[in-house]
K.L.:
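Just dropping this structure here.
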Amino acid sequence: MQEPKLSFHGAAGSVTGSCFLLQVADSRILIDCGMFQGSKSEKELNYRPFPFDPAEIDAVLLTHAHIDHTGLLPKLAKAGFGGPIYATRPTMELCGVMLQDSGHIQESEVKQLNRRNRRRSREPVEPIYTADDARMVMPQFVSVPYQQWRETVGGVKFRFWNAGHLLGSASIEIEVAVADGPRRLLFSGDIGTRYKMLEGLPQAPAGVDYLVCESTYGDREREDYTQDARRNRLREIVGKANNPNGALLIPSFAVERTQEVLTDLVALMDDGSLPRSPIMIDSPLASRATEVFKAQAGELANAAAFTRALNAPNVRFTESAEQSKALDLVRGFHIIIAASGMCEAGRIRYRLRNWLWRQECTVLLVGFQAAGTLGRILQDGARVVRIQGDEIVVHAKIIAFDAYSGHADASDLEEWVSARAPIEKGVFLVHGEPAARSALTRRLSKTLKVPVMEPRLDDGFLLTEDGARLIEDAARIRLAAEQLGRPDWHNDFQSFVLDLSDRLTQAADQKGRAIILRKVKRALEPEQDAVGAKENENAVH
């Protein structure tokens with residue numbers, strides 16, 4: 001029998017685009033098929049062809065519904081994939097709303113971009129997929145309960161374990177038949193933290209040959225927030241943000257993060273720790289996802305508190321664009337929770353454009369912010385940002401509070417990996433930026449007796465009896481390692497333009513501005529032209 005091959009076509013050097021291809025003899029199985037987020041260089045991968053033939057994929061196994069794990073499924077089906085997509089029931093139901101929302105966003109953003117392109121005499125572009133494409137893929141879903149073995153193509157067996165990250169999230173155990181006996185693989189998916197409000201502790205089997213593990217927070221220790229500690233800190237933040245003419249903006253992932261933050265806010269207002277203020281959930285996706293959560297309330301921890309929050313008299317969900325725009329008319333302190341969590345799309349960008357320049361605004365970041373995203377730029381202290389073509393000076397207070405993150409921190413990850421022992425052949429670290437992944441590699445290597453590997457994008461490995469063997473094929477690699485998980489030249493260019501504008505504004509007079517512009521133009525000239533310009537300038541003087 002042929003040795004199985006595992007290729008890393010996403011989340012290899014960055015935290016998004018999760019997509020792993022397992023080849024067993026003539027069978028091809030994808031574990032996740034996620035969308036890339038972050039810098040423009042990474043997001044452009046969403047528009048490029050897959051590094052494999054979608055028509056040759058036999059099945060997809062999903063870890064959970066977040067778009068960085070599922071967001072390219074409609075594109076995959078549109079390109080020829082017609083096989084089953086295995087997922088837990090909640091993951092399937094959440095995908096039903098999230099993928100359509102993703103299609104709507106792409107259609108809307110492409111429509112706006114094409115309006116700008118017409119003015120610039122540029123060719124129009126097409127969305128990656130539409131909401132109709134997303135609806136078309138849903139009949140391919142097959143729901144599978146936790147901890148029940150199923151068999152798919154090529155005799156490959158799999159079962160889901162509750163990963164504690166999100167409603168329906170799973171780690172996936174896979175058993176492959178090879179000549180020397182079954183080879184066992186475990187894909188962690190995203191692993192939840194021990195203090196998740198609506199989820200229990202992550203579960204997974206021990207004794208595997210190969211482990212593929214996330215490393216999002218591999219280089220940091222978060223403060224352990226019990227429910228009381230988390231709510232006390234939130235109370236402090238909201239209390240300081242409560243300006244009579246202000247707003248607290250919370251960019252939040254529409255699925256679970258929004259529901260958790262809302263539950264805590266209402267609980268604090270119910271017990272008198274905070275004055276009762278209007279809370280607006282400005283996200284159609286959050287509204288639809290909340291209905292899924294309500295239907296699955298029996299599967300949630302703290303279900304009673306969550307249900308009470310939904311029925312609070314000061315909570316409003318906006319659906320239409322008109323309802324969203326009407327929030328500009330709200331007077332007095334109010335709280336707006338809006339997607340997306342990294343400020344890359346959705347209604348939060350409109351809210352930020354209206355509020356970032358005001359000192360009476362506070363922006364509370366409650367999730368991981370990938371390199372190159374607007375959320376990360378704000379978190380890193382940018383003084384000026386560009387949103388929808390407008391330069392905005394940041395006067396709002398920016399606060400990062402990671403108690404609501406759905407990801408295990410470094411200690412949690414180490415503990416989770418240790419509990420999988422014995423690991424016989426090797427560990428692959430994925431879904432982490434370079435510093436986080438390297439830090440977790442060093443940490444795990446102190447105790448594990450097997451190699452800890454950091455695959456690059458599009459790397460392939462044979463999973464042999466003697467360990468993983470890298471298959472070199474540089475022609476297949478779509479982005480170099482240094483282009484992943486970091487800001488790219490688009491971010492540098494925007495930063496340069498904003499800095500240049502700032503320098504010109506601060507210049508003493510027109511002469512000072514002319515000197516700055518002359519220096520910039522000289523730097524853009526070819527070397528020989530620059531020498532000639534210098535000689536001419538000397539001749540003049």
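Keep in mind the model is a prediction, meaning the values are calculated, not measured. Along the sequence shown, residues are numbered consecutively beginning with 1.
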K.L.:
Would you say D412 and Y217 are linked by a side-chain donor-acceptor pair, where the criterion is simply a distance under 3.5 Å?
P.N.:
no
K.L.:
Taking atom CZ of F368 and atom CZ of R257, what is their separation to the nearest 0.5 Å?
P.N.:
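F368 CZ to R257 CZ: 11.5 Å, rounded to 0.5 Å.
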K.L.:
Run the salt-bridge test on R183 and E3 with the 4.0 Å N-O cut-off and return the result as yes or no.
P.N.:
yes
K.L.:
Is there a donor in the side chain of Q106 and an acceptor in the side chain of T130, or the other way round, less than 3.5 Å apart?
P.N.:
no
K.L.:
Report yes if some heavy atom in the side chain of F253 is under 4.5 Å from a heavy atom in the side chain of T258; otherwise report no.
P.N.:
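No, their side chains stay 4.5 Å or more apart.
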K.L.:
Please check if any side-chain donor atom of H165 sits under 3.5 Å from a side-chain acceptor atom of H66, or the reverse.
P.N.:
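A donor-acceptor contact under 3.5 Å links the two side chains.
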K.L.:
Look at E291 together with R288 and state whether they make a salt bridge at an N to O cut-off of under 4.0 Å.
P.N.:
no
K.L.:
Measuring from D458:CG to S7:OG, what's the distance to the nearest 0.5 Å?
P.N.:
8.0 Å
K.L.:
Describe, in one word, how the ring planes of F8 and F461 are oriented to each other, choosing from parallel (under 30°), tilted (30 to 60°) and perpendicular (over 60°).
P.N.:
perpendicular
K.L.:
Determine, stepwise, if the pair E465 / K425 fulfils salt bridge (charged side-chain N to carboxylate O under 4.0 Å, His left out).
P.N.:
CA-CA 8 Å; E465 169 65 17; K425 312 295 182 189; 3.2 Å; yes
K.L.:
Side chains of S438 and R443: do they bring a donor and an acceptor to under 3.5 Å?
P.N.:
no
K.L.:
About how many Å separate CG of D264 and CZ of R233, when rounded to the nearest 0.5 Å?
P.N.:
13.5 Å
K.L.:
Any salt bridge between K43 and E344, counting N to O under 4.0 Å?
P.N.:
yes
K.L.:
Please find out if less than 6.0 Å separates the ring center of F160 from that of Y146.
P.N.:
no
K.L.:
Flag this pair as yes if the NZ/CZ of K75 is under 6.0 angstrom from the six-membered ring centre of F50 and inside a 45 degree cone about the axis; otherwise no.
P.N.:
yes
K.L.:
Check whether any side-chain heavy atom of V24 sits under 4.5 Å from a side-chain heavy atom of L22, and report yes or no.
P.N.:
yes
K.L.:
Output the distance between atom CD (Q296) and atom CG (L94), rounded to the nearest 0.5 Å.
P.N.:
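It is 8.0 Å, given to the nearest 0.5 Å.
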K.L.:
Between F141 and Y86, is the ring centroid distance below 6.0 Å?
P.N.:
no
K.L.:
For Q147 and W161, test the side chains for any donor-to-acceptor distance below 3.5 angstrom and give the result as yes or no.
P.N.:
no
K.L.:
What are the two closest non-hydrogen atoms of C343 and L365, and how far apart are they?
P.N.:
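That would be SG-CD2, 4.5 Å.
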K.L.:
Establish, from distance only, whether the side-chain atoms of S188 and S171 form a donor-acceptor pair under 3.5 Å.
P.N.:
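No - no donor-acceptor pair under 3.5 Å links their side chains.
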K.L.:
Closer than 4.0 angstrom, basic N to acidic O: yes or no for D209 and R184?
P.N.:
no
K.L.:
For residues V156 and I174, determine if any side-chain heavy atom of one lies less than 4.5 Å from a side-chain heavy atom of the other.
P.N.:
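Yes, their side chains come closer than 4.5 Å.
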K.L.:
Begin with the C-alpha distance, continue with both residues' side-chain angles, and end with the deciding distance and a verdict on side-chain hydrogen bond (donor to acceptor under 3.5 Å, both in side chains) for D32 and S18.
P.N.:
CA-CA 6 Å; D32 287 346; S18 181; 3.1 Å; yes
K.L.:
Could you check whether R220 pairs with D409 (Lys NZ or Arg NE/NH1/NH2 to Asp/Glu carboxylate O, under 4.0 Å)?
P.N.:
no
K.L.:
May I have the step-by-step check of ring pair (Phe, Tyr, Trp, His ring centres under 6.0 Å) for F20 and F428, ending in yes or no?
P.N.:
CA-CA 11 Å; F20 314 120; F428 296 99; 9.4 Å; no
K.L.:
Are any of the side-chain nitrogens in E415 or R194 under 4.0 Å away from the carboxylate oxygens of its partner?
P.N.:
yes
K.L.:
Before giving the answer on side-chain hydrogen bond (donor to acceptor under 3.5 Å, both in side chains), spell out for Q37 and T373 the whole-Å C-alpha distance, their side-chain angles and the decisive distance to 0.1 Å.
P.N.:
CA-CA 8 Å; Q37 299 164 308; T373 62; over 6 Å; no
K.L.:
Test D58 against R28 for salt bridge (charged side-chain N to carboxylate O under 4.0 Å, His left out), laying out the working first.
P.N.:
CA-CA 5 Å; D58 296 296; R28 288 169 169 77; 5.9 Å; no
K.L.:
Checking side-chain polar atoms at under 3.5 Å, does T91 have a donor or acceptor matched by the opposite partner on H64?
P.N.:
no
K.L.:
Whether E433 and R376 form a salt bridge (side-chain N of Lys/Arg under 4.0 Å from carboxylate O of Asp/Glu) is what I want to check.
P.N.:
yes
K.L.:
Could you go step by step and tell me if S405 and D402 meet the side-chain hydrogen bond (donor to acceptor under 3.5 Å, both in side chains) rule?
P.N.:
CA-CA 5 Å; S405 174; D402 63 8; over 6 Å; no
K.L.:
Passes salt bridge (charged side-chain N to carboxylate O under 4.0 Å, His left out), R347 versus D282? Steps please.
P.N.:
CA-CA 7 Å; R347 293 178 178 178; D282 188 25; 3.0 Å; yes
